[in-house]
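For reference, the structure is listed below as structure tokens.
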Amino acid sequence: MRIRHWVAVLALTGLAGTALAQGNVIAERREGLKRMGAHMEAMKPVADARGDVRALVPRLDDMLAFFRTLPGLFPAGSGAGDTKARPEIWQNMGDFQAVNARMVGQVEALRTAAAAGDAAAFAEAYRVTGAQYCGACHRNYRAR
Ligand code: HEC
């Protein structure tokens with residue numbers, strides 16, 4: 001009896017721990033994605049004005065670091081809760097990762113242009129980033 005009681009307590013604690021961990025991972029990815037939105041907004045006026053794109057390198061480094069870890073922020077089972085992540089993510093994880101890898105490649109291109117101080121190349125790459133790279137993932141994998 002005693003032993004069974006403790007097994008049940010341990011099992012429940014484990015479940016609660018899992019739910020907590022998933023709540024954290026949802027909050028963490030949403031916070032990160034909000035920050036990505038802020039980076040994109042902050043870079044727009046610089047792109048439009050063909051301004052000092054070199055100053056954007058730290059933002060692009062943060063974006064690279066975040067997107068490189070993004071798939072890890074979508075562990076199995078983290079589709080339930082306070083999230084707009086669609087179940088299709090876990091049904092098509094290979095594609096989700098491929099879409100994200102293209103995002104990483106685009107941020108690398110933006111960073112290369114920024115580091116070179118090439119405002120025209122930066123503006124050209126920036127112009128398509130939101131719709132073609134952020135949007136490519138949101139269309140299929142983020143609920144409205
Ligand atoms: C590989 C897929 C993927 C890519 C690439 C991606 N996103 Fe998202 N984004 C998502 C998903 C999925 C959600 C919903 C996350 C959730 O609610 O758990 C989301 C949510 C967001 C949110 C809302 C965060 C919140 O909860 O307040 C913002 C803002 C956002 N993304 C911005 C961006 C920007 C900007 C880019 C491009 C620089 C981008 N995303 C690229 C998948 C992606």
Side-chain angles (χ1 to χ4, degrees), residues 5-144:
H5 174 76
W6 278 110
V7 167
V9 168
L10 282 175
L12 279 174
T13 314
L15 278 177
T18 307
L20 249 181
Q22 281 172 355
N24 288 346
V25 87
I26 290 171
E28 192 184 335
R29 75 192 178 212
R30 290 189 53 192
E31 231 162 75
L33 286 158
K34 251 182 238 172
R35 204 169 69 245
M36 297 307 106
H39 285 321
M40 286 297 285
E41 270 177 42
M43 294 194 301
K44 186 177 191 310
V46 184
D48 288 348
R50 306 290 189 274
D52 178 13
V53 292
R54 270 200 192 93
L56 303 177
V57 168
R59 289 187 185 278
L60 292 158
D61 282 339
D62 185 51
M63 290 182 76
L64 271 181
F66 176 78
F67 282 111
R68 282 184 179 137
T69 62
L70 179 138
L73 296 174
F74 289 85
S78 67
D82 192 10
T83 175
K84 293 211 159 85
R86 282 171 55 175
E88 282 81 352
I89 293 172
W90 294 278
Q91 290 155 15
N92 310 306
M93 186 47 86
D95 180 67
F96 183 73
Q97 288 178 352
V99 170
N100 187 61
R102 286 197 285 279
M103 178 85 245
V104 170
Q106 180 65 6
V107 178
E108 279 167 348
L110 284 164
R111 193 196 183 283
T112 300
D118 190 340
F122 183 88
E124 184 67 16
Y126 181 90
R127 197 172 54 80
V128 297
T129 300
Q132 286 183 24
Y133 293 87
C134 311
C137 192
H138 292 164
R139 263 194 298 285
N140 293 330
Y141 297 118
R142 183 177 73 168
R144 272 184 276 162

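Numbers here are sequence positions counted from 1. Here the structure is a predicted model, which means the values were calculated and not measured. FYI, side chains are in, hydrogens and waters are out, and symmetry mates aren't considered; it's all heavy atoms of this structure. Start at 1 and go down the list; that is how both ligands and their atoms are numbered.
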For Y141, take its heavy atoms, then give the atoms of ligand 1 lying under 4.0 Å from any of them.
12 (C)
Which of the atoms of ligand 1 are close to I89, meaning less than 4.0 Å from one of its heavy atoms?
12 (C)
Do V128 and Q106 come close enough that some side-chain heavy atom pair is under 4.5 Å?
yes
Any R102 heavy atom less than 4.0 Å to ligand 1:
no
Would you say that C137 contacts R142 through its side chain, given a criterion of any heavy-atom pair below 4.5 Å between the two side chains?
no
Which option wins on minimum heavy-atom distance to atom 23 (C) of ligand 1: R142, K84, R35?
R142
Any sub-3.5 Å donor-acceptor pair from N100's side-chain atoms to R68's backbone N or O?
no
Among all protein heavy atoms, pick out the one at the shortest distance from atom 27 (O) of ligand 1; state its residue, atom name and that distance to 0.1 Å.
K34 CE, 3.1 Å
Output the list of atoms in ligand 1 that are nearer than 4.0 Å to some heavy atom of M103, sorted by atom number.
5 (C), 37 (C), 38 (C)
Side chain or backbone of R30 under 4.0 Å from ligand 1, or both, or neither, by non-hydrogen atoms?
both
Can you list the ligand 1 atoms lying under 4.0 Å from a non-hydrogen atom of M40?
35 (C), 38 (C)
Which atoms from ligand 1 have a heavy atom of F74 less than 4.0 Å away?
12 (C)
So, do N140 and E88 sit near enough that their side-chain heavy atoms are less than 4.5 Å apart?
no
Looking at side-chain heavy atoms only, is the closest gap between T83 and R29 below 4.5 Å?
yes
Looking at atom 8 (Fe) of ligand 1, what's its closest protein heavy atom, distance included?
H138 NE2, 2.1 Å
With a 4.5 Å cut-off on side-chain heavy atoms, are Y133 and L110 touching?
no
Side-chain contact, heavy-atom cut-off 4.5 Å: F96 with W90?
no
To the nearest 0.1 Å, how far is atom 29 (C) of ligand 1 from its closest protein heavy atom, and which atom is that?
L33 O, 3.6 Å
Counting from 1, what ligand 1 atoms have a heavy atom of G37 closer than 4.0 Å?
35 (C)
Does some side-chain heavy atom of M40 sit less than 4.5 Å from a side-chain heavy atom of T129?
yes
If you measure only the distance, is there a donor-acceptor pair under 3.5 Å linking the side chains of Y141 and D95?
yes
Contact between ligand 1 and V107 is defined here as a heavy atom of the residue under 4.0 Å from a ligand atom; is it met?
no
For atom 4 (C) of ligand 1, what is the nearest protein heavy atom, given as residue, atom name and distance?
C137 CB, 3.3 Å
Any Lys/Arg nitrogen of R127 or E124 sitting under 4.0 Å from an Asp/Glu carboxylate oxygen of the other?
yes
Heteroatom proximity flag, T83 to ligand 1, N/O under 3.5 Å
yes
What atoms in ligand 1 come closer than 4.0 Å to a heavy atom of M63?
38 (C)
What protein heavy atom sits nearest atom 34 (C) of ligand 1, and how far away is it?
C134 SG, 3.5 Å
Heavy atoms only, cut-off 4.0 Å: how does R29 contact ligand 1, side chain, backbone, both, or neither?
side chain
Heavy-atom side-chain contact between H39 and R35 under 4.5 Å
yes
